[in-house]
**Student:** 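Below you will find the structure I want to go over with you.
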Amino acid sequence: MRRIKHLRIRGENIPNKGNSKYKGPVSSVLVNKYGSRPVVMVGGLLCCLGMVTASFSTSVVELYITMGFICGLGLAFNLQPALTILGKYFYKKRPMASGLAMAGSPVFLSTLAPFNQYLFNTYGWKGSFLILGGLLLNSCVAGSLMRPVGPKLTTKKSKNKVGVRATDPGMKKKHKKKSIWAKIDKYLDFSLFKHRGFLIYLSGNVIMFLGFFAPIIFLAPYAKDKGIDEYSAAFLLSVMAFVDMFARPTVGFIANSKLIRPRIQYFFSFAVLFNGLCHLLCPLAEDYPSLVVYAVFFGLGFGSVSSILFESLMDLVGAQRFSSAVGLVTVVECCPVLLGPPLAGKLVDETGQYKYMYVACGAIVVLASVWLLIGNAINYRLLAKEKKLKETTKKIHTPESRESESLKTSKSHDVIVKSIKSQKSKGSGVNPSERETNI
């Protein structure tokens, strides 16, 4: 109980995105099987349960279980279905809808910190957890509004059953392995690892996330290191979140335009590049006004990337495979997300200065943008070649082309027959009609 008393809900709005990364595939499987509505409602109940049980915790280990595992699982159950349902509801204005939906995160990021401080000062940390748990129940209401679209898929059982002899254990094991793999592949599409665009996106994001979140976490400590007071340093995060709140829908609107949407992967690469350049220029900020300018541009870059992060993935794999793609992406991305901030902190401890950490994070993000830009350029060229090849094959196999080919062959056959007849009639004195009858 002594350890819990020392815990305090601070006014620093530092995002915590690592606790729900491991649950991505679980959420994808449940969304593919049951749909978005029940998964979101269960996620809201888990979030509420985690918060309420955390208010009765007496040690940090219990907080790890309640806040880290139970509440993190519930948050994963909320994020995944919400992203998947966007692809089912929207197509023409999907980037705009994605930008508006993602704008909810910075809204609460900028307002939840002072609200948490008020709850802590008024009700204490236990009362704060109880009230936040009740607020998270609203996600159940949001989940109930996610109406399923389209008819339900029903699997028909085949009447012809293939029997396996009990005396052949090898065939029986092979059949069991195939059935287990078929069940797994039904809910998680592992064939995405053969998808060229998906692999480019995944490898670029793995590089990017190594230096993506550390600048947010160390922004307030960096400002304090420059001699700025605690409240002004925390206000930088509020400035960044406020700009992020307007950047996400604005960038979604731009991405939905006719000029950008056909090449949205390039737009995503340039957004990542802009984010990395902001971090590279951060060490030039020596006073508070310059740090505010950095926070504004950082919020713009962070919002731009976050707005089209999942839209670019949906553009590559399609809405049908998006749920599985998000699950597989979150599994792979959890490693750089969790490793990035500790490595950045280690760099700060070794050098004793924050500017080298910002330069390193900026270089990593710029490298990721160059990788994505080159990979997407190659991918677009190969897709154009494949499209041309398909069009030519379609033209060859059309019925009109088949009729023209048959007419050409019939005409050539008639010409050959006539030439043979003329040669034979000239070469021999026998009547051609008699030769034909003899033949």
Side-chain angles (χ1 to χ4, degrees), residues 17-18 20-36 39-40 43 73 75-91 94-95 97-99 101-102 105 146 148-150 153 181-209 212 252 255 261-269 271-272 305-337 368 371-372 375-376 378-380 382-383 386:
K17 297 179 182 275
S20 62
K21 280 284 181 179
Y22 293 113
K23 289 88 178 180
V26 179
S27 180
S28 295
V29 169
L30 294 176
V31 168
N32 290 334
K33 189 172 184 180
Y34 300 107
S36 296
V39 177
V40 172
L73 186 64
L75 291 174
F77 284 7
N78 285 335
L79 175 66
Q80 210 97 334
L83 295 172
T84 305
I85 204 72
L86 284 174
K88 296 180 180 179
Y89 284 166
F90 301 96
Y91 178 73
R94 191 176 64 201
S98 180
M102 297 297 287
S105 176
M146 293 182 180
V149 180
L153 296 174
W181 179 253
K183 287 179 180 179
I184 295 171
D185 194 55
K186 183 180 178 182
Y187 300 113
L188 273 179
D189 192 1
F190 286 98
S191 64
L192 286 167
F193 286 109
K194 298 178 182 178
H195 194 285
R196 185 174 59 243
F198 176 77
L199 291 176
I200 294 169
Y201 174 89
L202 182 61
S203 57
N205 280 13
V206 167
I207 300 171
M208 179 186 69
F209 280 125
F212 194 67
R261 191 170 182 184
R263 293 291 184 267
I264 196 171
Q265 304 300 328
Y266 288 146
F267 189 62
F268 176 64
S269 303
V272 176
V305 174
S306 301
S307 177
I308 55 175
L309 179 66
F310 294 105
E311 171 60 29
S312 57
L313 177 61
M314 196 179 294
D315 177 72
L316 287 169
V317 301
Q320 296 296 327
R321 306 170 75 184
F322 178 71
S323 179
S324 297
V326 172
L328 296 173
V329 162
T330 49
V331 171
V332 180
E333 287 178 357
C334 70
C335 296
V337 168
W371 173 267
L372 287 170
N376 289 322
I378 295 170
N379 189 32
Y380 275 130
L382 291 175
L383 287 174
E386 291 170 0

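None of these values were measured; they are calculated from a predicted model.
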**Student:** What are the two closest heavy atoms between Gly252 and Ser307, and how far apart are they?
**Tutor:**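 That closest heavy-atom pairing would be N-OG, 3.4 Å.
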**Student:** Less than 4.5 Å apart, any side-chain heavy atom of Asn379 and any of Gln265?
**Tutor:**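 No, every pair of side-chain atoms sits at 4.5 Å or beyond.
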**Student:** Decide side chain to side chain contact (heavy atoms under 4.5 Å, CB included) for Arg261 and Asp315; before the verdict, give the C-alpha distance in whole Å, the side-chain angles of both, and the deciding distance to 0.1 Å.
**Tutor:** CA-CA 9 Å; Arg261 191 170 182 184; Asp315 177 72; 5.7 Å; no
**Student:** Within this structure, what is the CG-CD1 distance for the pair Leu313 and Ile308, rounded to the nearest 0.5 Å?
**Tutor:**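 Leu313 atom CG to Ile308 atom CD1 measures 12.5 Å (nearest 0.5 Å).
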**Student:** So, using side-chain contact (heavy atoms from CB on, under 4.5 Å) as the criterion, who are the partners of Val305 when residues are at least two apart?
**Tutor:**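 Val305 satisfies side-chain contact (heavy atoms from CB on, under 4.5 Å) with Met208, Phe212, Phe268, Ala271, Val272, Asn275 only.
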**Student:** I'd like to check the side-chain contact (heavy atoms from CB on, under 4.5 Å) partners of Leu199; sequence neighbours left out, ordered by chain and number.
**Tutor:**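 Partners of Leu199 by the side-chain contact (heavy atoms from CB on, under 4.5 Å) criterion, ordered by chain and then number, come out as Phe193.
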**Student:** Asn205: what forms a side chain to side chain donor-acceptor pair (under 3.5 Å) with it, not counting sequence neighbours?
**Tutor:**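 Counting only residues at least two positions away or on another chain, Asn205 forms a side chain to side chain donor-acceptor pair (under 3.5 Å) with Tyr201, Glu333.
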**Student:** Hey, could you give me the NE2/CG distance between His195 and Leu202, rounded to the nearest 0.5 Å?
**Tutor:**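 Going from NE2 on His195 over to CG on Leu202, the span is 12.5 Å.
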**Student:** So which atom in Trp371 and which in Ile207 form the shortest heavy-atom distance, rounded to 0.1 Å?
**Tutor:**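 What the structure gives for the nearest pair is CG-CD1, 4.4 Å.
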**Student:** Quick one: does Val337's side chain get under 4.5 Å of Phe209's, heavy atoms only?
**Tutor:**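 Yes; the side chains approach each other to less than 4.5 Å.
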**Student:** Name all residues meeting the side chain to side chain donor-acceptor pair (under 3.5 Å) criterion together with Ser312; count only those two or more places apart in sequence or in a different chain, and write none if there are none.
**Tutor:**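 Side chain to side chain donor-acceptor pair (under 3.5 Å) check on Ser312 returns nothing, list empty.
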**Student:** For Arg263, check salt bridge (charged side-chain N to carboxylate O under 4.0 Å, His left out) against everything at least two apart and list the hits.
**Tutor:**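 Testing Arg263 for salt bridge (charged side-chain N to carboxylate O under 4.0 Å, His left out), a comparison that skips the adjacent residues, returns none.
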**Student:** Work out which heavy atom in Ala368 is nearest to a heavy atom in Gly204; give both atom names and the distance.
**Tutor:**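 Scanning both residues, the minimum pair turns out to be CB-O, 3.5 Å.
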**Student:** How far does CG of Leu316 sit from CG of Asn376, to the nearest 0.5 angstrom?
**Tutor:**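 Answer for the CG-CG pair, Leu316 versus Asn376, is 7.0 Å.
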**Student:** Looking at Phe77 and Gly43, what are the two nearest heavy atoms and their distance?
**Tutor:**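 Scanning both residues, the minimum pair turns out to be CB-CA, 3.6 Å.
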**Student:** Measure the CD1-CD1 distance between Ile378 and Ile200 for me, rounded to the nearest 0.5 Å.
**Tutor:**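 Reported to 0.5 Å precision, the distance equals 7.0 Å.
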